[in-house]
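Worksheet: the structure to be examined is printed underneath.
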Amino acid sequence: MPELPEVETVRRGLGPILEGALIERVELRRPNLRFPFPDDFAARLTGRTVVALGRRAKYLIADLDDSTVLVMHLGMSGSFRILAGAAAGGGTDTTETPGDFHLPRGKSTAHDHVVFHLRTPADGCARIVYNDPRRFGFMTLVERAAFDAHPLMRDIGIEPLGNLFGAGALAEVFAGKTAPLKAALLDQKLIAGLGNIYVCEALWRAELSPTRAAGTIAAGRGARARAEALAASIRSVLQEAIAAGGSTLRDHVQASGELGYFQHRFNVYDREGEACLRPGCGGVVERLTQSGRSTFWCPTCQK
DNA sequence: CTCCGCTCCTGCCGGC
DNA sequence: TGCCGGCAGGAGCGGA
């Protein structure tokens, strides 16, 4: 589920705990998530210090002090929670800790698959727990030198919040594409980090139909204006979502330690049958299926 | 090459 | 109340 803003929010939440922390021990509660963990995964992490926590597309990237990189993806249902201070201290039993009394509603420890036991400069003991009911997430280790050429990384498209992103970049990657705009925006090889929700939201904001050919952003009458509107919408939708995540982060970390999900009402996503929220539009939000996924849009104002 | 549909897994929700 | 089908925020793969 987590798209770029959620992953970025997780990064900002985990960063202060993880950066500079020594990994004292790693508990693996099962041999695989979506993919098997690498051989000796826990052993290779033990004794390492995390140098920095970054993000590329929807991947969390933890740089370690031995020039390896821990790559983590949350899939559809992955989340982390932080047990710091007293909740993390002492003992080897991780199924019953004070922190678990504050589990978010509906969460259970049944899907806690990985526990990182940390020694942090600031707090002493801390644990970071990875929970993932559907197990579409995964973790792997990559040599820093081979990182950019790694199959997971090498084909990832442009970062929508980076300096290189804009109308020109959109036009470049969409040129000649006959695929629906919705599908092209979801393609991680073209643009990194967008998922179903924020694609719907960005298209609504830009007043563009999800069904038009992606190439019409790059060429034809009005293409430049469409590209400008779409680029601006993508940026603003993501930035606002990150800001919203940041504001929920404080509450969340204090209350339960959970990171990885924040829910707020969207303008068009999951609003089938409701009135379009654009002032003066008067349309109704519809739902259609594209590439097997739900698209929510307003046919009245999105052209 | 491009595009589409299928697939992995569990949880939840609505309908009967 | 309980069961069942459908759907869910991702993305790699095979096949057309």
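Per chain, numbering begins at 1; letters A, B, ... match sequence-line order.
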* Does A:Pro133 or A:Gly292 map to a spot on DNA chain B nearer the 5' end, using the closest nucleotide for each? -> A:Gly292
* For the pair A:Glu3 (side chain) and A:Gly193 (backbone), establish whether a donor and an acceptor sit closer than 3.5 Å, ignoring hydrogens and angles. => no
* To do: Give a yes/no answer on whether the side chain of A:Ser77 brings an N or O atom under 4.0 Å of OP1 or OP2 in C:dA8.
  => no
* To do: Let me know, please, whether A:Ala183 or A:Ala110 comes out on the 5' side of the other along DNA chain B by nearest nucleotide.
  => A:Ala183
* Structure fact -> In whole angstroms, the gap separating P of C:dG10 from CG of A:Leu33 amounts to 17 Å
* Identify whether any heavy atom of A:Phe138 sits under 4.0 Å from a base atom; if not, whether one sits that close to sugar-phosphate; answer base, sugar-phosphate or nothing. => nothing
* So, A:Arg11 side chain and A:Leu53 main chain: donor-acceptor pair closer than 3.5 Å or not? -> yes
* Asked: Between B:dT7 atom P and A:Arg134 atom CZ, what is the distance in whole Å?
  -> 15 Å
* May I ask you to evaluate whether A:His111 reaches the phosphate of B:dC9, defined as a side-chain N or O under 4.0 Å from OP1 or OP2? => no
* For A:Glu6 and C:dA8, give me the distance from atom CD to atom P, rounded to whole Å. => 17 Å
Output one line per pair: protein atom, nucleotide atom from nucleotides 14-16 of chain C, and distance, for all N/O pairs under 3.5 Å.
none

With a 3.5 Å cut-off and sequence neighbours excluded, list the donor-acceptor pairs that the side chains of residues 147-159 of chain A form with protein atoms.
residue: A:His150; atom: ND1; partner: A:Leu152; partner atom: N; Å: 3.0
residue: A:Glu159; atom: OE1; partner: A:Arg55; partner atom: NH1; Å: 3.1
residue: A:Glu159; atom: OE1; partner: A:Arg55; partner atom: NH2; Å: 3.3
residue: A:Glu159; atom: OE2; partner: A:Arg56; partner atom: NH1; Å: 3.0
residue: A:Glu159; atom: OE2; partner: A:Ala57; partner atom: N; Å: 2.6

* Could you give me the CA-CA distance, side-chain angles and deciding distance for A:Arg278 and A:Cys301, then say whether side chain to side chain contact (heavy atoms under 4.5 Å, CB included) is met? => CA-CA 8 Å; A:Arg278 194 182 316 284; A:Cys301 61; 3.2 Å; yes
* Touch class at under 4.0 angstrom, heavy-atom based, for A:Arg34 against every strand present -> base
* Can you find a donor-acceptor pair, distance only, under 3.5 Å between A:Arg293 side chain and C:dA8 base? -> no
* Can you tell me how far P in B:dC6 sits from the matching atom in C:dG6, rounded to whole Å? -> 13 Å
* Would you mind reading off the distance between A:Glu272 atom CD and C:dA8 atom C1', rounded to a whole angstrom? => 15 Å
* For the side chain of A:Arg135 and the base of B:dC9, is some donor closer than 3.5 Å to an acceptor across the two? -> no
* Asked: Applying salt bridge (charged side-chain N to carboxylate O under 4.0 Å, His left out), which residue pairs with at least one partner in residues 284-297 of chain A are found, sequence neighbours left out?
  -> A:Glu272-A:Arg287
* What integer distance in Å separates A:Asp155:CG from B:dT2:P? -> 12 Å
* To do: Describe the nucleic acid contact of A:Tyr269 in one word from base, sugar-phosphate, nothing, applying a heavy-atom distance below 4.0 Å.
  => sugar-phosphate
* Salt-bridged, A:Arg48 to A:Glu24, with N to O below 4.0 Å? -> no
* Do A:Lys182 side-chain atoms and A:Ser291 backbone N/O form a donor-acceptor pair below 3.5 Å? -> no
* Asked: Between C:dG10 atom C1' and A:Leu185 atom CG, what is the distance in whole Å?
  -> 16 Å
* To do: Spell out, as yes or no, whether a donor-acceptor pair under 3.5 Å connects the side chain of A:Glu8 to the backbone of A:Leu238.
  => no
* What does C:dT1 pair with, Watson-Crick or G-U, if both distances are under 3.5 Å? -> none
* For A:Phe136 and C:dG10, do the ring centres fall under 5.5 Å apart while the planes stay under 30° apart? -> yes
